[in-house]
Q: 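Below you'll find the structure I mean.
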Amino acid sequence: MHYTSTRNSNIRISAAEAVINGISPDGGLYLPCEIPQAGLDFIENLVNAGYNERALKILELFLEDFTACDGDTRLDELAGYIEGAYGGGKFDSPDIAPVVNLYGSVHMLELWHGPTSAFKDMALQLLPYLMTGSSRKTGNGSEIVILVATSGDTGKAALEGFADVPDTKIIVFYPNNGVSRMQKLQMTTQEGGNVGVIAINGNFDDAQNGVKAIFTDEKINALLNENKMAFSSANSINWGRLVPQIVYYFSAYCDLVKKEAIKLGDKINFTVPTGNFGNILAAYYAKEMGLPVNRLICASNANNVLTEFFDTGFYNRKRDFYTTVSPSMDILISSNLERLLYELSDRDDGYIRDIFASLAEKGEYTVNEKVLNGMKNMFSGGFCDDRATEAAIRETFEKYNYLCDTHTAVGVRVYEEYRKKTGDAAPCVIASTANPYKFPESVLRAVKRADPESYDEFGMASELEGLTKIKAPEQLTGLKNKNERFNITCEKDSMNKELLKILGL
């Protein structure tokens, strides 16, 4: 299995090189040269397997160079990495990513049972193993400097995963006023001698653009090279971050077959709340591998650039930016869309270079009819504002005693509107992306139908516990007694200077 770039199809590198590099030198994103197939026989063999075994069987299709042979002994690196990521009690559910019935043929795929209470743990508990393993394979001997732009959850999950991992440093940039107070505390209290956290005066797109600019800055890269350091990424622009997410879509399907909620071969829908398009792109790759998927429903908040795009084929980032109650989706430039468009354009790297040059220069592009039809054949888009999000939280709790966070609620509402509009009653799995206690103020206000009595996030969490009888996770309530280690704030055009300060360069 080799990997190429969305902007240069002549590139051929190993999985380890793709993981360690993070992003291609041409600015493109790495992806496999071929999508491996995993049909019904493959799926049937996973139905009675645990999550770790499912992960191994799927990941080894993409990461062939992570299996080594020594004489007659087969040394399966991936099995050890997977056990390190998902074993040892790191997840509070033995199923790792359990599927819970909401009502009828609608199910919730709970992706927030890991150490940071968000779906990013599903990949970022595994990525440090893949990253350090890749470093050994590529043999460059450099210290890995991991840069992360976060809209809230990726930052903490990456910090947690890489904290004190030897031969790595990790620096996270986040929008100062664009994350919840609980998310901010998770990052600024992070322990570890190799971590750094910087707030920027700007939004997530500013942070993401800044990180991409640093990655391609020749002077900074030369300076790192002189000091035996090299950049990599823990965002979903890194294939090593994206590929573990494919696993949980297969796992959800297997669980539904095992529970006899569907029959093997039945097609199902997935509804995914997403901003940077990585989570739903993983579902797309699962479908292309052979998972029986009928429709992928892309759920957005008031920053509805993706909804318009799937309706019209016109992508326009020159629009009002909204700070919402679902901050991890407050994004106007969805990086992972590039991989989808590369696939739907029959891997035309020249076409991808052209449209993303237009995005950089003009802030917009329009896809051709072939790509638009390809999108419409498998994707539907929808969005809801903050009022509808809070209504979805309240109604879902009152009807089904299920407490959603502010992002999952977007998925619930968009799916309901999709089903009303289309009449599509196929079984549906909604990706539940975060524990509701990561956003206690908004969730409490929604359930209570009034402002919180408390003035801090921990008082709000306590009030929400009393109201719903659902316990907050200790990894969130325990933040109350931690000291904030990081209080740096910089302008968006000073990110490179702050980075070099942290690295001592």
Side-chain angles (χ1 to χ4, degrees), residues 99-112 118-119 151 153 245 249 252 267-284 287 293-312 315 319 322 324-332 334 336-337 340 375-400 402-434 436 439 442-443 446:
V99 175
V100 177
N101 181 256
L102 186 64
Y103 63 87
S105 60
V106 180
H107 311 269
M108 307 300 280
L109 171 57
E110 294 185 343
L111 300 170
W112 40 260
F119 83 95
S151 53
D153 289 334
Q245 297 179 253
Y249 291 105
K267 288 189 174 184
I268 67 172
N269 295 330
F270 283 105
T271 298
V272 186
T274 188
N276 213 20
F277 205 71
N279 202 4
I280 197 166
L281 182 69
Y284 162 81
K287 180 181 187 299
V293 175
N294 174 54
R295 202 83 183 152
L296 297 173
I297 302 160
C298 179
S300 302
N301 61 16
N303 294 293
N304 62 338
V305 61
L306 287 170
T307 304
E308 180 184 61
F309 181 61
F310 284 118
D311 284 343
T312 67
Y315 196 99
R319 59 207 297 131
Y322 299 101
T324 74
V325 297
S326 45
S328 297
M329 299 161 66
D330 291 347
I331 295 171
L332 295 181
S334 303
N336 271 291
L337 202 56
L340 176 69
M375 294 191 308
K376 287 183 174 291
N377 284 338
M378 67 183 82
F379 288 91
S380 293
F383 75 99
C384 68
D385 60 16
D386 282 356
R387 179 177 292 184
T389 300
E390 291 192 359
I393 294 171
R394 180 172 57 254
E395 292 166 9
T396 303
F397 180 71
E398 291 176 350
K399 289 181 180 178
Y400 312 115
Y402 191 92
L403 192 62
C404 294
D405 86 290
T406 50
H407 303 77
T408 304
V410 171
V412 170
R413 179 49 53 93
V414 168
Y415 170 69
E416 290 171 346
E417 294 299 321
Y418 165 82
R419 186 163 178 169
K420 288 178 185 176
K421 181 179 178 180
T422 65
D424 181 359
C428 183
V429 173
I430 300 171
S432 181
T433 55
F439 311 92
S442 298
V443 175

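These numbers were taken from a predicted model, which means no experiment stands behind them.
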Q: Whether the side chain of Asp405 engages the backbone of Thr408 through a donor-acceptor N/O pair (distance < 3.5 Å, no angle test) should be reported.
A: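 Yes, Asp405 side chain to Thr408 backbone: donor-acceptor pair under 3.5 Å.
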Q: Please report the closest heavy-atom contact between Asn279 and Ala431, naming both atoms and the distance.
A: ND2-CB, 4.4 Å
Q: Can you name the nearest heavy-atom pair linking Thr406 to Ser442, along with the distance?
A: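 Closest heavy-atom pair between Thr406 and Ser442: CG2-CB, 3.6 Å.
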Q: What heavy-atom pair brings Gly275 and Ser334 nearest, and what distance separates the two atoms?
A: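 Distance-wise, the nearest heavy atoms are O-OG, 2.7 Å.
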Q: Determine whether Val305 and Ile331 make a side-chain contact, defined as any pair of heavy atoms from C-beta on separated by less than 4.5 Å.
A: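 The answer is no; the side chains never approach within 4.5 Å.
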Q: For a quick check under 3.5 Å, do Asp386 and Thr389 share a side-chain donor-acceptor pair by atom type?
A: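 Result is no, nothing qualifies.
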Q: Tell me whether Lys376 contacts the main-chain N or O of Asp311 through its side chain, where contact means a donor paired with an acceptor under 3.5 Å.
A: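 Here the side-chain-to-backbone pair exists.
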Q: Testing the basics here: between Ser300 and Met329, what is the closest heavy-atom pair and its distance to 0.1 Å?
A: CA-CE, 3.7 Å
Q: Closer than 4.0 angstrom, basic N to acidic O: yes or no for Glu416 and Arg413?
A: yes
Q: Under the 3.5 angstrom rule, does the side chain of Asn276 hit a backbone N or O of Gly278 as a donor-acceptor pair?
A: no
Q: Please report the shortest heavy-atom distance between Tyr415 and Asp424, naming the atom on each side.
A: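 Of all heavy-atom pairs spanning Tyr415 and Asp424, the closest is OH-O, 4.3 Å.
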Q: Do the non-hydrogen side-chain atoms of Thr271 and Val429 ever get within less than 4.5 Å of each other?
A: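 Result no, sub-4.5 Å side-chain heavy-atom pair not found.
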Q: Test side chain to side chain contact (heavy atoms under 4.5 Å, CB included) on Tyr284 and Phe379 and set out the steps.
A: CA-CA 9 Å; Tyr284 162 81; Phe379 288 91; 4.1 Å; yes
Q: In terms of ring plane angle, is the pair Phe309 and Tyr315 parallel, tilted or perpendicular, where the classes change at 30° and 60°?
A: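 Phe309 vs Tyr315 ring planes: perpendicular.
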Q: Can you confirm whether Phe310 sits close enough to Cys298 that some side-chain heavy atom of one is under 4.5 Å from a side-chain heavy atom of the other?
A: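 Yes; the side chains approach each other to less than 4.5 Å.
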Q: Got a donor-acceptor contact below 3.5 angstrom from the Thr433 side chain to the Phe119 backbone?
A: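 Answer holds: no.
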Q: Can you confirm whether the side chains of Trp112 and Ser432 place a donor and an acceptor under 3.5 Å from each other?
A: yes
Q: Is there side-chain contact between Val100 and His107, with at least one heavy-atom pair below 4.5 Å?
A: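 A side-chain contact under 4.5 Å is absent here.
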Q: With a 4.5 Å heavy-atom cut-off, do Leu109 and Ile430 have their side chains touching?
A: no
Q: Between Ser326 and Asn301, do the side chains contain a donor N or O and an acceptor N or O under 3.5 Å apart?
A: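 Present: a donor and an acceptor within the cut-off.
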Q: Which atom names give the shortest non-hydrogen contact between Val443 and Pro436, and what distance separates them?
A: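 That would be CG2-O, 3.6 Å.
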Q: Is the closest side-chain heavy-atom distance between Tyr418 and Asn269 below 4.5 Å?
A: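 Yes. Closest side-chain heavy atoms under 4.5 Å.
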Q: Could you go through the ring pair (Phe, Tyr, Trp, His ring centres under 6.0 Å) check for Phe270 and Tyr249 one step at a time?
A: CA-CA 9 Å; Phe270 283 105; Tyr249 291 105; 4.9 Å; yes
Q: Distance from Glu390 atom CD to Arg394 atom CZ, nearest 0.5 Å?
A: 7.5 Å
Q: Suppose we call two aromatic rings close when their centres sit under 6.0 Å apart. Are His407 and Phe439 close by that rule?
A: yes
Q: Return yes if a side-chain donor-acceptor contact under 3.5 Å exists between Asn303 and Arg319, otherwise no.
A: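 Checked: Asn303/Arg319 side chains show no N/O donor-acceptor pair below 3.5 Å.
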Q: Is there a donor-acceptor pair under 3.5 Å between the side chain of Asn294 and the backbone N or O of Ile268?
A: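 No.
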Q: Assess, by modelled atom type and distance only, whether the side chains of Asp330 and Ser151 contain a donor and an acceptor separated by less than 3.5 Å.
A: no
